[in-house]
Amino acid sequence: MGAKSREQIAPLQIRESIVAAQQSKIVAVRDIVENTPPHDIQTLAKTLEAIIDGASPDDATIFVAIQEKKNCYPLAQIRRHT
């Protein structure tokens, strides 16, 4: 196999950059969820709704998919309005 061209490498670098950015957002949301007191669900719901409303459609989909997989909070009910 020969060296990859710029045209082959660029999409891979872009994808890696997107994945890294999404991972950092996931970690941030997880920290918010884990550090919100259990009795303060209303504040948590409002915070998560604000995050999802400000997220790109791809990021919002990822947040919802992760929540549904982990089944930790009713994030699926706070889906992004389109």
Requested in this report: Decide whether Leu48 and Ile26 are clustered together by the hydrophobic rule: side chain heavy atoms of Ile, Leu, Val, Met, Phe, Trp, Tyr closer than 4.5 Å, transitively.
Outcome: yes
Query - Listed once per pair and sorted, the side chain to side chain donor-acceptor pair (under 3.5 Å) pairs that draw on residues 17-26, sequence neighbours left out - result: Gln22-Asp59, Lys25-Asp59
Query - Summary of salt bridge (Lys or Arg N to Asp or Glu O under 4.0 Å) pairs that have at least one residue in residues 9-21, sequence neighbours excluded - result: none
Query raised in the report: Between NZ of Lys46 and CG of Asp40, what distance do you get to the nearest 0.5 Å?
Result: 9.5 Å
Query raised in the report: Taking only residues two or more places apart in sequence or in another chain, which ones pass side-chain hydrogen bond (donor to acceptor under 3.5 Å, both in side chains) with Thr47?
Result: none
